[in-house]
Q: 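One structure, as structure tokens, below. Some questions next.
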Amino acid sequence: MSTHDRSDDELEAGADLLRRLTGHGLASSREREIWTRVQRGIEPVASTRRRFVPMALGGGAAAVVVAATVVALLWWARPAPPPPALTPAPAVASTGRLLITVFREGDVELSQLLSGPVGGNPKQMPLPVEAHGADRARFDFVLAGRARVATWDRFELVAASDNLVVLRSGTAAFDLDNLAPGQQLVIRVAHDEVIVHGTRFIISAEQNQLLGVSVEQGVVEVRRSEGGSASVVTLRSGETLGEPATPSSTSAEEAFARPWWRDQAMKSETTGYLAVTSDPTDARVHIDGVPLGRSPLFVRWPHGVHALEVFSSGRRAETVAVDVEVGRVAQQHVRLARLQVDGPTAPPRGTTFEALKQRARALLQRLDCDAIDDLMADLRAATDDLRKEAEAEMVAAECRLRRQEKARALASYQKIVRLFANTDSAETALFESATLLDEMGQSEAALVAAQTYLASYSDGTFVEPATFRRCELLVRLERLDVARTCFEVYRARFPRAARINEAVLYQATIAAARARWREGADFYRDYLRRAPHSPRAEEALYGLFTALHAGNLGGARGTAADYVRRFPHGRYAAELAPFAESSP
Amino acid sequence: MLSSTWSHNDEFLGMTRDHEHWYDVQAITRPQLDSRAGLSDQALVAQVLAGEQAAFATLYTRHASLVARRLRRVVVRSVDVEDLVQKTFLVAYGSLAKYRPECSFPAWLSGIAIRCALNFLRSTRRRFWQRPMPLGDVELAPAVTGTTAEQIAIERQLLRRIYSAMERLPAKKRIAFALCDLEGLELKEVAELLGSSTSTIGARVQSARQLIRKVLQRDAARAASARRRAAEEP
């Protein structure tokens with residue numbers, strides 16, 4: 001039988017198995033559970049206050065309705081009560097330039113918070129927590145393990161209690177897990193309140209005035225008090241009231257697509273905290289290759305050793321390994337050295353260029369990229385030095401990047417690479433291009449950029465991260481044989497790199513994908529020896545089992561037993577249990 | 001009070017509402033109590049649009065399993081399927097006014113489900129090393145028919161390989177393959193669901209099959225070479 005025929009048979013047999021695997025609907029208990037979730041999204045859940053509107057609509061006893069209406073109007077027309085008494089706290093994670101004020105502990109700025117944990121552990125941070133965000137700030141927190149809140153740009157917000165958030169100004173996105181019957185979350189803006197029935201929405205306020213509410217999923221009820229009278233509006237999925245100031249290129253979907261929400265935030269038992277400060281501040285921070293935001297940054301993160309990369313335009317990038325312990329704050333201060341400009345520099349023409357550059361930097365702080373673009377002609381005219389011109393262009397590109405206008409930032413970086421070859425800015429721009437292309441999902445182009453960088457700057461500032469990125473991109477593009485060699489070279493050249501463990505795991509995965517079981521098993525063992533407590537140890541142990549089992553190398557049962565002992569409730573525990581039981 | 005017209009007023013009247021009781025009074029657990037069971041989908045939609053939210057429970061009961069099965073063909077993992085079922089019905093509820101009664105309700109609902117799945121597949125395109133092991137947390141036993149340990153192992157391995165190949169497909173091809181080859185829908189039906197032409201869907205299915213075949217061939221070649229190497233090793 002030819003290979004083609006065999007693969008046809010396999011396709012048919014495999015499709016048959018998949019058909020059987022996926023041929024069922026929902027178990028009745030799951031069907032009920034999902035229905036309750038759907039129902040919460042489409043109609044108000046139990047709450048005396050929220051019951052008011054449906055009760056009236058439902059045509060209950062007229063007297064009761066009238067009485068309830070009067071009581072509700074009086075209730076809602078009263079002044080907003082002061083925040084409730086302090087209660088034990090939720091977990092808080094934040095990033096961006098942020099001041100956190102903890103009422104009980106006095107005014108504590110983020111820098112102080114980072115230099116000494118408040119109350120011994122940020123998880124014990126008492127409510128209310130008041131947060132003020134500056135430009136580009138981002139503040140994420142979890143209320144009672146169910147309401148996830150992301151704010152950005154300038155904002156003032158008080159998490160007053162488990163079920164009350166006061167928004168004074170700014171825009172915040174909320175994403176709720178299922179509210180149990182009787183539970184509710186209220187977002188208050190002065191006398192107006194937004195009562196949550198659904199799951200995901202954005203709310204904007206300015207100077208204690210509610211600007212608007214936009215619902216992405218589910219239902220919210222907006223109660224407004226104006227001139228002593230109350231009005232109630234129910235908003236459903238896709239509906240908007242007023243004009244919520246959704247920041248450009250940001251949506252609630254995007255806000256919650258950040259990694260710590262979905263994957264890390266709720267796993268407090270295996271997470272610690274990572275506080276990153278840098279000199280200069282406002283540097284881009286990546287953890288394990290994931291872009292997280294800008295310094296100073298404070299995030300909840302899985303325990304274990306992670307690769308922390310800090311980048312800033314015109315500065316040498318730093319990559320360090322940080323060890324995050326469960327429930328503790330790992331602090332890391334990174335100093336980014338200024339990139340040296342080699343060769344003679346033309347004397348500056350007075351201070352004009354410097355003054356213009358300072359102005360561009362001030363505009364950068366305000367993210368006024370269009371004004372920076374307008375300034376570029378003057379900057380070009382003020383200097384004959386290509387290096388300086390390139391630096392000015394970098395400011396313009398940086399501005400687009402900070403505004404998350406990735407395509408425009410990429411175009412700027414590519415322009416710098418093209419026009420200002422042989423400058424440090426071109427080197428940084430080329431590396432940034434590779435990073436951006438990767439982030440934008442253009443893996444092929446990112447690979448070309450990374451390879452161009454490595455060919456052009458064999459001893460450059462970003463050689464280590466560029467090499468790793470190249471290897472990673474090769475894996476993503478499934479050129480596994482080249483990726484294998486790439487990781488070998490990487491490990492040989494950068495034996496002390498922070499991502500060395502990650503490289504070993506990649507090598508193991510590649511070997512397993514190529515059915516080189518013995519080699520794969522060796523790499524998995526190596527990884528487990530290097531990072532026995534890493535969050536990916538479970539995956540590595542399962543990989544080791546698979547390699548030993550598939551390669552008939554012996555030791556699979558012992559590995560299965562080890563897995564089941566270490567991860568009794570792990571993802572593969574049920575599959576490995578029979579092997580573990582038969583282990584001697 | 002015990003039918004799906006379960007009133008909002010019961011709490012007001014002092015009734016407790018713990019989870020068990022809540023489930024118990026729902027029409028979905030006692031379909032025989034649902035007075036709407038005999039109504040057509042179109043009539044139920046009209047009732048929902050007229051403000052009878054409880055009629056939506058009947059629509060849910062009637063079609064949740066179909067939606068779940070269609071979604072499972074595409075995304076396989078139960079937890080993802082459940083999230084998408086929820087999303088599908090929430091989207092459907094919000095868009096009910098756009099439903100045209102001359103169309104089949106299950107087809108309209110399936111279209112929403114497939115669009116949700118498409119968005120989901122696109123948004124969860126993860127990095128290679130962040131992908132979980134193929135079918136790692138999916139219970140495989142119901143699919144496996146082998147009687148000996150070896151047959152079972154081979155079938156499990158094949159399932160993982162074909163699923164892994166399917167995961168590599170672009171979202172649109174994956175959906176076309178799943179609906180045609182797994183769900184058994186006609187090209188025309190899939191084209192209607194996805195809002196494409198029959199020839200486009202046909203091309204996508206062919207391309208998906210080819211890609212999967214290619215992966216399977218490559219796997220087989222690698223396994224053969226691994227066996228050869230193992231045999232040559234002292």
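By convention in this document, chain letters (A, B, ...) are assigned in the order of the sequence lines, proteins followed by strands, and residues within each chain are numbered from 1. Treat the numbers as computed from the prediction; the structure is a model and nothing was measured.
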Q: Of all the heavy-atom pairs spanning Arg73(B) and Leu18(A), show the shortest one and how long it is.
A: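 Looking at all heavy atoms of both residues, the shortest contact is NH1-O, 4.3 Å.
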Q: Let me know if Ile212(B) has heavy atoms under 4.5 Å from chain A in its side chain, its backbone, both or neither.
A: side chain
Q: Measure the spacing between CG of Asp16(A) and CG of Asp181(B) and express it to the nearest 0.5 Å.
A: 11.5 Å
Q: Less than 4.0 Å between a side-chain N and a carboxylate O, is that true for Lys214(B) and Glu478(A)?
A: no
Q: Can you name the residues that form a side-chain contact (heavy atoms from CB on, under 4.5 Å) with Asn552(A), not counting sequence neighbours?
A: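 Not a single residue meets the side-chain contact (heavy atoms from CB on, under 4.5 Å) criterion with Asn552(A).
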Q: How many angstroms lie between atom CZ of Arg218(B) and atom CZ of Arg514(A), to the nearest 0.5 angstrom?
A: 6.0 Å
Q: Flag the pair Tyr60(B) / Ile34(A) as yes when at least one side-chain heavy-atom distance between them is below 4.5 Å, and no otherwise.
A: yes
Q: In Å and rounded to the nearest 0.5 Å, what is the CD1 to CG distance from Ile162(B) to Leu17(A)?
A: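 If I round to the nearest 0.5 Å, the distance is 8.0 Å.
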Q: Quick one: closest heavy-atom pair of Arg160(B) and Tyr542(A), and the distance?
A: NH2-OH, 3.5 Å
Q: So which of Ser65(B), Ala64(B), Ala165(B) has the largest heavy-atom pair count under 4.5 angstrom toward chain A?
A: Ser65(B)
Q: Look up atom CG in Leu11(A) and atom CZ in Arg213(B), then write down how far apart they are to the nearest 0.5 Å.
A: 5.5 Å
Q: Run the ring-ring contact (aromatic ring centres under 6.0 Å, His included) test against His549(A) and tell me which residues pass, sequence neighbours left out.
A: Phe545(A), Phe579(A)
Q: How close do Ala13(A) and Leu158(B) get, counting heavy atoms only, and between which atoms?
A: CB-CD2, 3.8 Å
Q: Which region of Ala573(A), side chain (C-beta onward) or backbone (N, CA, C, O), has a non-hydrogen atom less than 4.5 Å from a non-hydrogen atom of chain B, or is it both or neither?
A: neither
